[in-house]
Amino acid sequence: MKRTTGQNREITARWRPATRAVRGGSWRSEQGETSEAIYLTSGYCYEDAATPAARFAGQAPGMTYSRTQNPSVQMLEERIALMEGAEACRAQASGMAAMSSVLLCQLSQGDHMVIARAAFGPTRWVTDNLLPRFGIACTAIDGRDLEAWQDAIRPNTKIFFFETPANPTMDIVDIRAVSEIAHRHGITVVVDNAFATSALQRPLELGADIVAYAATKLMDGQGRVLAGAIAGSADFINNKLLPFQRNTGNTLSPFNAWVVLKGLETLELRAVQQAKNALTVARFLEGRVPQLLHPGLPSHPQHALVQAQMKAAGSVFAFTVEGGRAAAWKLLDALELIDISNNIGDTKSLMTHPASTTHSSLTPEVRADMGVSEGMLRLSVGLEDCEDLIEDLAQALACAGL
Ligand SMILES: *Cc1c(COP(=O)(O)O)cnc(C)c1O
């Protein structure tokens with residue numbers, strides 16, 4: 001197998017983001033294939049007995065077992081690292097594998113972390129239910145409030161964790177300011193960047209230490225596979241995450257890695273166009289619904305911050321309707337084009353009712369605290385013609401009597 005220039009950091013360091021997204025990390029077999037190969041293998045064979053011994057001892061490069069190394073997975077890892085501007089990356093079996101691993105690999109009994117309360121439901125389950133079982137405390141705060149981050153710090157605080165934009169309330173966290181507070185206290189900043197991706201927002205350049213991903217969303221972008229990734233310093237990836245992953249097995253399948261690798265080649269095109277479409281559709285809803293939460297609209301209270309740290313506001317937004325759950329469900333049931341689905345970042349436009357799906361595992365109190373109301377709907381805008389999407393929303397609103 002030949003490493004292409006995509007594996008040469010001296011060369012890829014000169015490449016601009018679009019080139020990295022298409023060619024970064026590629027390897028080529030002796031067949032000279034243009035599209036990266038899928039290495040569906042669990043193990044590797046060796047020419048002689050000394051070779052695996054040297055590899056197991058870490059004294060020679062090369063693969064030993066696909067729980068820790070696989071060529072298709074490594075191509076994806078190198079490409080994501082290059083796109084994020086990270087020293088290293090490790091792919092994960094899913095987005096939640098990434099979120100749980102990034103926390104569990106570096107927290108110990110007696111530690112404390114702080115999370116922005118508006119977060120993906122399962123992430124809050126990990127911080128509110130799983131971590132306390134191992135003696136790790138977590139404080140949930142309003143991530144928009146810089147003083148709240150400062151006030152939550154304890155002598156044993158190890159991690160600040162947040163999503164921005166956050167699911168589904170579209171809260172924005174000031175990555176640079178929160179990272180500065182954290183670093184004054186030796187705290188590690190982890191950002192779940194699934195809603196934006198490196199195409200629209202680069203947390204490491206703004207001061208964050210680690211990016212964690214659901215690659216299931218915009219990175220695959222076509223609703224095919226679950227995947228996750230964690231990118232950061234080589235020291236963190238190799239010395240904290242890798243021992244954890246090697247022994248717990250949150251490994252991504254080579255096939256899924258290949259699918260995401262292909263998705264990354266068109267990530268920027270899709271992310272930019274879907275963000276444009278989302279803004280067009282949101283403008284149609286403005287004034288027609290009581291609350292519209294879209295970070296790209298001047299009406300969003302953090303619009304200036306969005307413009308400062310994001311290239312575009314992303315493809316997902318939320319809105320509320322009068323009449324609570326009954327009215328929200330009526331609108332969903334009346335849709336003819338937009339699908340009822342809790343996924344996001346797909347080329348197909350998808351709508352969900354967070355309170356009864358993605359955020360149903362949380363108590364009503366936690367939901368209310370996060371701002372997830374019974375009348376809230378979340379729309380992930382795809383690549384369809386905006387006129388068709390707007391027509392569908394107009395007829396569904398009318399059907400629901402809204
Ligand atoms: C979907 C999602 C996750 C979890 O990803 P999975 O691949 O579904 O496990 C985590 N964080 C955010 C923000 C997400 O949207």
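Predicted, not measured: the structure shown is a model, and the values here were computed from it. One-based numbering, in listed order, for ligands and for the atoms of each.
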Are Thr139 and His112 close enough that a side-chain donor and a side-chain acceptor fall under 3.5 Å?
yes
Separation between SG (Cys138) and CZ (Arg124), nearest 0.5 Å, reads 7.0 Å
Restricting to heavy atoms, the pick from Thr216, Thr164, Asn167, Asp192 nearest atom 13 (C) of ligand 1 would be Asp192
The residue among Arg28, Arg23, Arg79 that forms side chain to side chain donor-acceptor pair (under 3.5 Å) with Glu36 is Arg79
The protein heavy atom nearest to atom 10 (C) of ligand 1 is Phe120 CD2, 3.5 Å
Glu163 heavy atoms within 4.0 Å reach ligand 1 at atoms 13 (C)
Nearest non-hydrogen protein atom to atom 15 (O) of ligand 1, with distance, is Lys217 NZ, 2.6 Å
Whether Lys262 engages the ring of Phe255 as a cation-pi pair (distance to the six-membered ring centre under 6.0 angstrom, angle to the ring normal within 45°) should be assessed. no
- Tell me yes or no: between the side chains of Asn193 and Gln201, is some donor less than 3.5 Å from an acceptor? yes
Quick note on ligand 1: atoms under 4.0 Å from a heavy atom of Gly95 include exactly 4 (C), 5 (O), 6 (P), 7 (O), 9 (O)
Would you check whether Met96 has a nitrogen or oxygen atom less than 3.5 angstrom from a nitrogen or oxygen atom of ligand 1?
yes
